[in-house]
Chemist: 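Sharing a structure, written as structure tokens. Questions coming.
The sequence lines fix the lettering, A, B, ..., with proteins before strands; numbering per chain opens at 1.
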Protein chains: 2
Amino acid sequence: MKKTEDSLSTEGSSALMADVARLAGVATSTVSRALANPGRVNEKTRARIAAAAEQLGYTPNAAARNLRVGKSNVIMIILPGSLHYGASQIIPQVLEAVNRTVIRNGYNLMIANLDRDESSERHILDLAFGGTVRGALILSSQLPVVANRSLAEAGLPIVSLLLDMSDTSVPSIITNDRQAVKEAGRELLALGHRRFFYIAGPTGNYHDIERYAGLLEALQEAGLSERHVTRSGGQFTFQFGFETGLQAAEDFAKLDEKPTAVVATSDDMAISFMSKVQKMGWRVPEDLSIVSFDGSPVCEYCAPPLSTIEQPMEALGETATEFLIARMEKSDERRELRVVIPSRFIRRDSIAVNSKLAT
Amino acid sequence: MKKTEDSLSTEGSSALMADVARLAGVATSTVSRALANPGRVNEKTRARIAAAAEQLGYTPNAAARNLRVGKSNVIMIILPGSLHYGASQIIPQVLEAVNRTVIRNGYNLMIANLDRDESSERHILDLAFGGTVRGALILSSQLPVVANRSLAEAGLPIVSLLLDMSDTSVPSIITNDRQAVKEAGRELLALGHRRFFYIAGPTGNYHDIERYAGLLEALQEAGLSERHVTRSGGQFTFQFGFETGLQAAEDFAKLDEKPTAVVATSDDMAISFMSKVQKMGWRVPEDLSIVSFDGSPVCEYCAPPLSTIEQPMEALGETATEFLIARMEKSDERRELRVVIPSRFIRRDSIAVNSKLAT
DNA sequence: TTGTAGGCGTTATCAA
DNA sequence: TTGATAACGCCTACAA
């Protein structure tokens with residue numbers, strides 16, 4: 001719907017470049033240049049065009065531009081199926097950091113959900129192969145593949161967050177979970193703890209493997225073997241942390257020789273576990289020290305405040321986005337395949353010398 | 001970059017409709033029809049075209065289609081500046097529900113962040129006026145306006161979530177906060193409570209006003225006036241719930257006549273408040289009953305488990321999205337301006353008869 | 001410095 | 001039922 005000359009500037013959304021050109025008395029190509037390359041046009045004309053555009057409330061049509069230049073300005077973030085956990089804010093935190101960085105660089109952020117079903121994988125591939133998106137961030141998941149299309153072959157830059165995919169040439173921005181647990185383990189060992197209870201995430205999960213390995217490394221340093229660790233959990237995904245923690249408490253209660261230190265792979269697990277064992281009569285940290293993962297803000301207000309290993313999601317999100325954009329814009333930069341951002345162990349009152357071990 | 005006939009189907013992302021047409025031995029217009037209107041083309045040709053498309057890994061170019069048909073298939077959700085809170089999962093929950101519904105209906109979801117600065121408002125308006133998005137959901141915020149453009153005049157359907165904007169003709173999917181607090185208030189009154197402590201959200205905030213009004217209504221029913229309520233908080237936004245709760249605990253400690261029941265306008269406030277007053281020596285619920293807002297899952301694992309009013313974010317998100325899509329596709333349907341989805345009061349052990357009031 | 005002309009990949013109209 | 005053709009709105013050689 002073309003606008004007549006005297007139509008109000010605020011009506012409808014349909015001022016075209018041609019309208020601006022007409023009002024400014026120039027050709028559309030001049031308008032295009034004035035808006036994109038202000039330097040390469042006479043200042044007076046530029047001002048006249050700017051005024052005309054302003055008056056008409058002109059906004060360039062994105063589809064036309066994308067079609068013409070052959071690329072979009074949309075970045076997609078592929079998130080795991082479930083976005084909400086019990087207490088952790090990792091998804092909103094990463095979204096916030098990513099979105100802020102995306103916008104600051106003149107791009108837009110599209111959400112894609114990666115469930116394990118074919119339709120959602122197909123959907124993501126359509127976005128990539130249909131040119132809707134120019135780059136992709138993927139959070140802690142494998143790349144989608146359907147039939148003869150794979151995201152890896154879509155010809156767009158991809159950056160992985162949290163999950164190390166550098167072995168398949170996908171640049172990965174990750175944390176050092178293993179090192180972080182190792183340090184937490186060392187602190188617990190230094191406090192005298194010798195028997196550990198480990199509440200696992202989903203079996204085979206990358207994060208779970210890394211975290212468990214970190215704990216074992218700490219034990220090895222102290223000359224202890226895996227036999228000093230009792231494992232629980234492993235049946236659920238991280239989304240069911242509370243349930244896992246409750247089940248772990250049941251498991252714990254049945255043990256003959258009670259461990260004195262607990263490492264939980266998510267704050268949700270630690271929170272429900274602690275709540276339940278306290279009801280059963282154990283005291284934290286007198287009878288039991290607890291450390292967990294994610295750095296959920298609420299841990300500070302638990303009773304006692306929970307020690308936790310904070311994942312630096314804001315830094316991860318920002319770094320990953322900048323990395324992706326660098327790849328999109330100049331494919332010769334940022335060739336490294338791994339960037340490690342340290343996690344932070346936050347020690348709070350949930351860990352201490354055990355009452356039975358006290359000298 | 002055109003593909004040669006014998007190029008591998010999985011390489012690059014550039015099979016065009018013309019390539020499919022050539023391989024199937026038909027015209028591009030037939031391919032277009034076969035893909036969009038399978039019914040209006042000979043079954044044999046359709047199958048041949050489908051096979052060719054499959055073999056080439058053909059995906060239609062979204063920009064070209066959008067340009068041609070004059071509309072995009074992207075829905076934007078405008079979120080408040082900060083996406084993460086202390087414990088509540090309302091943003092991820094609503095995102096999850098919205099995204100699921102958006103995808104199920106063949107659309108895509110774009111994130112837009114509404115900070116209070118001009119650049120982010122301008123950015124949102126560009127998305128709307130530039131035809132990038134076809135409809136908008138807005139979560140608990142006012143519509144952006146910059147210079148001579150306003151989202152309300154962008155000519156695209158808008159649906160508000162949580163914030164009632166029906167007075168400006170924006171359809172709103174909201175909860176009945178007022179009614180929910182009123183019911184919680186009634187329960188507290190029935191338990192014998194007469195003096196209330198109200199921890200407010202940001203002053204002038206819609207939700208805060210509604211919630212406070214609900215509490216007053218319950219009091220009025222019981223013949224009590226506003227003088228039975230002591231207010232705290234009000235200086236921070238909901239994003240600083242923990243800080244607000246801590247400050248409220250300080251305020252509480254200074255009161256001469258102690259209220260026996262607390263209504264907090266977010267779980268974060270309640271959690272930090274409870275943690276602090278417990279450290280100061282008060283017992284919950286014996287000395288103090290607490291009710292809060294948002295239904296954060298972690299409330300169940302507090303000590304004692306916190307009573308909270310759950311916002312039905314999944315239902316809200318799904319309803320709002322379906323409502324928006326109905327408006328986008330057939331503008332004559334769904335003319336109502338308000339849909340109210342009930343909140344749910346979850347009673348847990350944080351409320352009880354007060355020890356001093358016990359008979 | 002500015003204008004003319006052509007095409008990005010798709011869909012829709014019209015004829016065949 | 002199918003094919004040729006003309007847009008959609010913008011950007012960018014190239015020419016003036």
Chemist: Quick one: pull up CD in Glu318(A) and OG1 in Thr101(A) and give me the separation to the nearest 0.5 Å.
Modeler: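 That separation rounds to 4.5 Å.
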Chemist: Start at the 5' end of DNA chain D and walk down; is the nucleotide closest to Leu67(B) or to Val26(B) reached first?
Modeler: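 Looking at DNA chain D, the more 5' nearest nucleotide goes with Val26(B).
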Chemist: Write down the distance between CZ (Arg33(B)) and P (dA4(D)), rounded to a whole number of angstrom.
Modeler: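 After rounding, the reported distance stands at 11 Å.
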Chemist: Starting from P on dG3(C), measure out to CG on Asn37(A) and report it in whole angstrom.
Modeler: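 Going from Asn37(A) (CG) to dG3(C) (P), I get 16 Å.
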Chemist: Quick check for you: among dC11(D), dG9(C), dT10(C), whose closest atom lies nearest to any side-chain atom of Thr28(A)?
Modeler: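 So the side chain of Thr28(A) is nearest to dC11(D).
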Chemist: Could you grab the distance from atom NZ of Lys71(A) to atom CG of Asn66(A), nearest 0.5 Å is fine?
Modeler: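 Going from NZ on Lys71(A) over to CG on Asn66(A), the span is 10.5 Å.
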Chemist: Taking CZ from Arg22(A) and P from dG3(C), how many angstroms apart are they, rounded to a whole number?
Modeler: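 Rounding to the nearest Å, CZ of Arg22(A) and P of dG3(C) are 14 Å apart.
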Chemist: Measure from CZ on Arg40(B) to P on dG3(D) and round the result to the nearest Å.
Modeler: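 Rounded to the whole Å, the gap is 15 Å.
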Chemist: If the cut-off is 4.0 Å, is Tyr58(A) near the phosphate of dC10(D), judged by side-chain N/O to OP1 or OP2?
Modeler: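 Checking dC10(D) against Tyr58(A), a side-chain N or O does come within under 4.0 Å of OP1 or OP2.
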Chemist: Between the main-chain N or O of Ala27(B) and the side-chain N or O of Ser29(B), is there a donor-acceptor pair closer than 3.5 Å?
Modeler: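 Side chain of Ser29(B) to backbone of Ala27(B), a donor-acceptor pair under 3.5 Å: no, none is there.
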Chemist: Between Asn105(B) (side chain only) and Tyr107(B) (backbone N and O only), is there a donor and an acceptor less than 3.5 Å apart?
Modeler: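 Here the side-chain-to-backbone pair does not exist.
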Chemist: So Met17(B), base contact, sugar-phosphate only, or nothing? Heavy-atom distance under 4.0 Å.
Modeler: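 Result for Met17(B) = base.
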Chemist: Can you check the Arg65(B) CZ to dG9(D) P distance for me, whole Å?
Modeler: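 It is 18 Å, rounded to the nearest whole Å.
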Chemist: For residues 42-50 of chain B, which residues have at least one heavy atom under 4.0 Å from DNA chain C?
Modeler: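 Listed by number, there are none.
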Chemist: Quick one: does any side-chain atom of Arg48(A) pair with a main-chain N or O of Ala24(A) as donor and acceptor, under 3.5 Å?
Modeler: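 Between the backbone of Ala24(A) and the side chain of Arg48(A) there is a qualifying donor-acceptor contact (under 3.5 Å).
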Chemist: Check whether the side chains of His123(A) and Asn108(B) place a donor and an acceptor atom closer than 3.5 Å, and report yes or no.
Modeler: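 Per modelled atom types, His123(A) and Asn108(B) side chains form a pair under 3.5 Å.
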Chemist: State, without any angle test, whether Arg100(A) and Thr321(A) hold a side-chain donor-acceptor pair at a distance under 3.5 Å.
Modeler: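 No, no side-chain donor-acceptor contact under 3.5 Å.
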Chemist: What about Ser29(A), does its side chain sit under 3.5 Å from the base of dT4(C) through a donor-acceptor pair?
Modeler: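 Per atom types, the contact qualifies.
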Chemist: Assuming nearest nucleotide by heavy-atom distance, tell me which of Ala64(B) and Gly25(B) is located more 5' along DNA chain D.
Modeler: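 Between the two, 5'-proximity favours Gly25(B).
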Chemist: Using atom CZ of Arg68(A) as one end and atom C1' of dG6(C) as the other, report the distance to the nearest whole Å.
Modeler: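 Value for this atom pair: 8 Å.
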Chemist: Quick one: Leu35(B) CG to dT2(D) C1', roughly how many Å, whole number?
Modeler: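 Those two atoms, CG and C1', are 16 Å apart.
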Chemist: Taking OP1 and OP2 of dC11(D), is either one under 4.0 Å from a side-chain nitrogen or oxygen of Ser32(A)?
Modeler: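 Yes.
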Chemist: Separation of Asn61(A) atom CG from dC8(C) atom P, in whole Å?
Modeler: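 Result: 18 Å.
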